*Asks:* 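Can you keep this structure in mind? I'll have questions shortly.
All values derive from a computational prediction rather than experimental measurement.
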Amino acid sequence: MKNLLLSEYLLILFLIVLFLVTGCAKYLDAVPDKSLAVPNSVADYQALLENEIMFTDMPALAEIGTDDIYLPDALWAGQPIFVRDAYHWSKDLNEGVTSLNWNNPYKKIYYANLVLDGVDKLKNKHNATDIQVLKGWALFCRAHAFYDLQEIFGQPYRPASANNDLGIPLRLNTDLQEKTPRATVETTFQQIVKDLEQAIPLLPDGVSKTDRSKPGKPAAYALLARVCLTMQNYDRAVLNADRCLLYDNQLVDYNTLNATVRAPFSPLIDEVIYNAVQISYSTRSWQIGQDFYQLYAADDLRKTLFFTVDPVAKTVVFKGFYNAVLAGFDGLATDEVYLIKAECEARLGHDAIALDALNTLLLKRFKTGEYVPYSTGSVSDVLSLILLERRKECLFRNLRWSDLRRLNQDVRFAKTLTRMVDGQRYQLPPNNPRYTLPIPDDEIRANKIQQNIR
């Protein structure tokens with residue numbers, strides 16, 4: 001991203017992608033000088049967006065620092081150094097730890113910008129609808145990557161200071177030589193919102209159940225609802241959640257799933273509206289603590305579908321990944337959208353509507369006939385209940401770190417995280433600077449941008 005060597009690398013990678021992945025071999029064969037090959041058709045640009053890197057290896061380092069994951073000493077000791085450091089929020093996290101989480105999203109942004117720069121040149125040569133879909137798809141991918149980067153490397157969205165706090169560099173073109181400063185948090189979020197709002201009218205109405213790495217309107221509305229929730233703009237968040245559910249409100253009845261298999265949610269269940277996969281950090285051995293596990297009721301099917309329990313070792317290993325590869329899910333699904341709606345309605349004072357959304361979800365999560373719906377008369381604190389259910393439902397989806405960053409701003413929900421690792425006690429207080437991870441050192445040197453304080 002910073003220099004000629006990386007520029008040459010990306011060009012080579014681009015040509016390899018065209019040759020190996022996209023079915024463009026005939027096109028390349030027809031070009032006398034392969035070094036001059038550039039995308040010039042809908043198929044070429046679609047191939048860039050279908051490249052596996054666009055929907056896999058999403059940044060997930062912050063997930064390791066949440067209160068969801070529990071690593072006993074023996075398991076912690078067997079992890080790579082960067083996982084061990086991230087687990088107890090080490091101030092020594094450095095470029096070697098964070099670079100993959102930084103570079104991969106910016107590769108996605110580069111590809112998205114390449115498509116956005118090029119598709120307008122296809123006008124009058126190809127079907128206008130195909131061009132619109134490509135543009136919407138690229139805008140969605142760029143917004144998704146910006147958001148993931150911001151929630152790890154940008155400071156938390158704080159409404160009172162967002163215009164001054166540091167976000168991330170917003171790469172909006174394919175000029176690899178351009179030095180891009182860090183935008184403010186407010187500017188970063190406004191760009192994400194702008195990309196999604198521009199993408200929505202261009203994307204297809206439905207969800208492709210055969211290839212859910214391709215976003216449609218439901219995915220864009222769902223992501224926009226997530227972004228607005230992070231911004232604590234509850235009116236806009238619930239509006240976009242409702243718009244998503246108008247297109248796709250399907251929830252899977254967990255009674256139809258098999259809890260005895262290793263991957264109960266494989267292949268993708270129908271409530272997944274966009275599939276993306278986190279970088280894998282030995283996620284197949286990730287555990288949760290016994291205290292958290294006991295929060296699930298006996299008749300809650302998530303207790304057996306999400307976890308494998310070893311009664312002898314007293315370990316609870318998570319297996320409930322919403323994808324087919326047993327890796328962290330960074331996509332979008334309707335269950336999260338129902339929970340966004342529920343939380344925002346509660347925050348807006350609409351407790352009955354909030355509980356109706358929550359009941360709609362939980363009815364599909366409990367054994368048939370065992371769920372007793374909540375009512376305003378039976379719940380003393382609707383918002384706290386919904387936040388707990390959000391955490392229980394959305395484990396290891398790259399959401400908890402973002403939730404902690406925003407919930408810590410409210411004294412009712414602020415939480416000090418504590419780890420005991422190899423006999424030593426570690427803590428992460430609410431609103432601590434370590435909730436923003438360090439930017440890779442080579443990026444700081446090359447672009448002369450300000451490093452995050454640890």
Side-chain angles (χ1 to χ4, degrees), residues 1-11 13 53 57-65 80-114 142-158 161-192 230 278-279 281 398 401-402 404-405 428 431-454:
M1 193 176 118
K2 286 77 65 179
N3 51 45
L4 182 59
L5 287 176
L6 185 53
S7 176
E8 291 172 344
Y9 162 77
L10 285 170
L11 178 59
L13 183 61
I53 195 175
D57 291 344
M58 310 300 257
L61 190 62
E63 186 87 280
I64 301 166
I81 181 63
F82 56 84
V83 172
R84 299 201 300 271
D85 283 348
Y87 182 69
H88 59 70
W89 320 292
S90 172
K91 292 183 178 181
D92 296 329
L93 252 102
N94 56 31
E95 183 267 345
V97 173
T98 58
S99 59
L100 192 62
N101 289 262
W102 176 273
N103 291 339
N104 278 1
Y106 275 111
K107 283 183 188 177
K108 303 176 203 295
I109 291 164
Y110 178 82
Y111 285 146
N113 286 336
L114 195 61
R142 187 169 75 179
H144 196 189
F146 277 150
Y147 178 77
D148 278 350
L149 284 162
Q150 164 60 30
E151 289 306 283
I152 295 178
F153 299 105
Q155 293 179 302
Y157 189 96
R158 293 178 285 249
S161 60
N163 280 313
N164 297 311
D165 294 335
L166 287 175
I168 57 171
L170 295 172
R171 300 288 301 182
L172 301 176
N173 58 58
T174 55
D175 183 358
L176 297 172
Q177 302 303 315
E178 181 178 282
K179 294 186 182 299
T180 308
R182 293 178 70 174
T184 65
V185 170
E186 183 65 36
T187 300
T188 300
F189 271 91
Q190 290 305 325
Q191 182 62 53
I192 295 166
T230 306
Q278 298 174 25
I279 296 171
Y281 292 130
N398 233 6
W401 187 256
S402 179
L404 287 166
R405 283 164 41 117
L428 182 64
N431 305 306
N432 189 275
R434 282 174 288 167
Y435 269 105
T436 305
L437 272 60
I439 293 170
D441 295 338
D442 63 342
E443 186 70 27
I444 299 296
R445 289 191 296 267
N447 282 328
K448 305 294 189 287
I449 58 177
Q450 184 175 335
Q451 180 61 281
N452 293 316
I453 299 171
R454 295 287 288 174

*Asks:* Kindly indicate, with the supporting measurements, whether the criterion side-chain hydrogen bond (donor to acceptor under 3.5 Å, both in side chains) is fulfilled by Asn113 and Arg171.
*Replies:* CA-CA 8 Å; Asn113 286 336; Arg171 300 288 301 182; over 6 Å; no
*Asks:* Regarding Thr188 and Tyr147, do their side chains bring together a donor and an acceptor under 3.5 Å, going by distance alone?
*Replies:*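 Absent: no donor and acceptor within the cut-off.
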*Asks:* Taking all heavy atoms of Thr184 and all of Ala162, pick out the closest pair and write down the distance.
*Replies:*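 Heavy-atom minimum between the residues: CB-O, 3.7 Å.
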*Asks:* First locate atom CD1 of Ile279, then atom CG of Leu100, and finally report the distance between them rounded to the nearest 0.5 Å.
*Replies:*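 The CD1 atom of Ile279 sits 4.0 Å away from the CG atom of Leu100.
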*Asks:* Rounded to the nearest 0.5 Å, how far does CD of Gln190 lie from CD of Glu186?
*Replies:*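 With rounding to 0.5 Å, CD (Glu186) is 4.5 Å from CD (Gln190).
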*Asks:* Pro440 and Trp102: which non-hydrogen atoms are nearest, and at how many Å?
*Replies:*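 Pro440 and Trp102 have their closest heavy atoms at CG-CB, 3.5 Å.
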*Asks:* Does Asn447 reach the main-chain N or O of Ile449 with its side chain, forming a donor-acceptor pair under 3.5 Å?
*Replies:*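 Here the side-chain-to-backbone pair does not exist.
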*Asks:* Before you tell me yes or no, could you show the steps for Tyr106 and Leu149 under side-chain contact (heavy atoms from CB on, under 4.5 Å), namely the whole-Å CA-CA distance, both residues' side-chain angles and the distance that decides it to 0.1 Å?
*Replies:* CA-CA 9 Å; Tyr106 275 111; Leu149 284 162; 3.6 Å; yes
*Asks:* How far does NZ of Lys448 sit from CD of Glu443, to the nearest 0.5 angstrom?
*Replies:*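 If we round to the nearest 0.5 Å, Lys448:NZ and Glu443:CD are 11.0 Å apart.
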*Asks:* Could you check whether Asn164 and Arg158, counting side-chain N and O atoms only, form a donor-acceptor pair closer than 3.5 Å?
*Replies:*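 On atom types as modelled, these side chains do not qualify, holding no pair under 3.5 Å.
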*Asks:* Could you measure the distance from the CG atom of Asn173 to the CG atom of Leu114? Nearest 0.5 Å is fine.
*Replies:*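 It is 11.0 Å, given to the nearest 0.5 Å.
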*Asks:* Verify the distance criterion only: is there a donor paired with an acceptor across the side chains of Ser99 and Asn103 at less than 3.5 Å?
*Replies:*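 No.
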*Asks:* Assess whether side-chain contact (heavy atoms from CB on, under 4.5 Å) is satisfied between Phe153 and Asn101, documenting all intermediate values.
*Replies:* CA-CA 9 Å; Phe153 299 105; Asn101 289 262; 4.1 Å; yes
*Asks:* For the side chain of Asn398 and the backbone of Glu63, is there at least one donor-acceptor N/O pair under 3.5 Å apart?
*Replies:*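 Pair absent, no side-chain N/O of Asn398 close to backbone of Glu63.
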*Asks:* How about Pro105 and Met58: do any of their side-chain heavy atoms sit closer than 4.5 Å?
*Replies:*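 Pro105 does not reach Met58 side chain to side chain.
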*Asks:* Below 4.5 Å, heavy atoms only, C-beta onward: do Arg142 and Lys108 meet side chain to side chain?
*Replies:*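 When only atoms from C-beta onward are counted, Lys108 and Arg142 do not touch, as no gap falls below 4.5 Å.
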*Asks:* Assess the residue pair Lys91 and Arg434 against the criterion (side-chain contact (heavy atoms from CB on, under 4.5 Å)); give the C-alpha distance rounded to whole Å, side-chain angles, the decisive distance to 0.1 Å, and a yes or no.
*Replies:* CA-CA 7 Å; Lys91 292 183 178 181; Arg434 282 174 288 167; 3.9 Å; yes
*Asks:* Counting distance only, does the side-chain N/O of Gln451 pair as donor-acceptor with the main-chain N or O of Ile439 below 3.5 Å?
*Replies:*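 Such a contact is found between Gln451 side chain and Ile439 backbone.
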*Asks:* With heavy-atom distances below 4.5 Å as the criterion, would you say the side chains of Ile64 and Phe82 are in contact?
*Replies:*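 Ile64 does not reach Phe82 side chain to side chain.
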*Asks:* Locate the shortest heavy-atom distance separating Gly65 from Trp401; write the atom from each residue and the value.
*Replies:*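 Residues Gly65 and Trp401, closest heavy atoms: O-CZ3, 3.6 Å.
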*Asks:* Is Phe189 close to Thr230 at the side-chain level, that is, under 4.5 Å between some pair of heavy atoms?
*Replies:*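 When only atoms from C-beta onward are counted, Phe189 and Thr230 do touch, with a gap below 4.5 Å.
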*Asks:* For Asn452 and Leu437, indicate whether the former's side chain and the latter's backbone hold a donor-acceptor pair under 3.5 Å.
*Replies:*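 Checking the backbone N and O of Leu437 against the side chain of Asn452, a donor-acceptor pair under 3.5 Å is found.
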*Asks:* Taking it one step at a time, do Arg182 and Leu170 satisfy side-chain contact (heavy atoms from CB on, under 4.5 Å)?
*Replies:* CA-CA 7 Å; Arg182 293 178 70 174; Leu170 295 172; over 6 Å; no
*Asks:* Without swapping roles, check the side chain of Gln150 against the backbone of Gln155 for a donor-acceptor pair under 3.5 Å.
*Replies:*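 Between the backbone of Gln155 and the side chain of Gln150 there is a qualifying donor-acceptor contact (under 3.5 Å).
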*Asks:* Using a 4.5 Å cut-off on heavy atoms from C-beta on, say whether the side chain of Glu151 contacts that of Arg405.
*Replies:*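 Yes, side chains in contact.
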*Asks:* Once rounded to the nearest 0.5 Å, what's the spacing between atom CG of Asn104 and atom CG of Asp57?
*Replies:*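 Asn104 CG to Asp57 CG: 5.0 Å, rounded to 0.5 Å.
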*Asks:* Would you compute the distance between atom OG of Ser90 and atom CZ of Arg84 and round it to the nearest 0.5 angstrom?
*Replies:*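 Those atoms lie 11.0 Å apart.
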*Asks:* What's the shortest heavy-atom distance between Ile168 and Gly154, and which atoms?
*Replies:*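 Nearest heavy atoms, Ile168 then Gly154: CG2-N, 4.0 Å.
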*Asks:* Given ring-ring contact (aromatic ring centres under 6.0 Å, His included), test Trp89 with Tyr435 step by step and report yes or no.
*Replies:* CA-CA 8 Å; Trp89 320 292; Tyr435 269 105; 8.3 Å; no
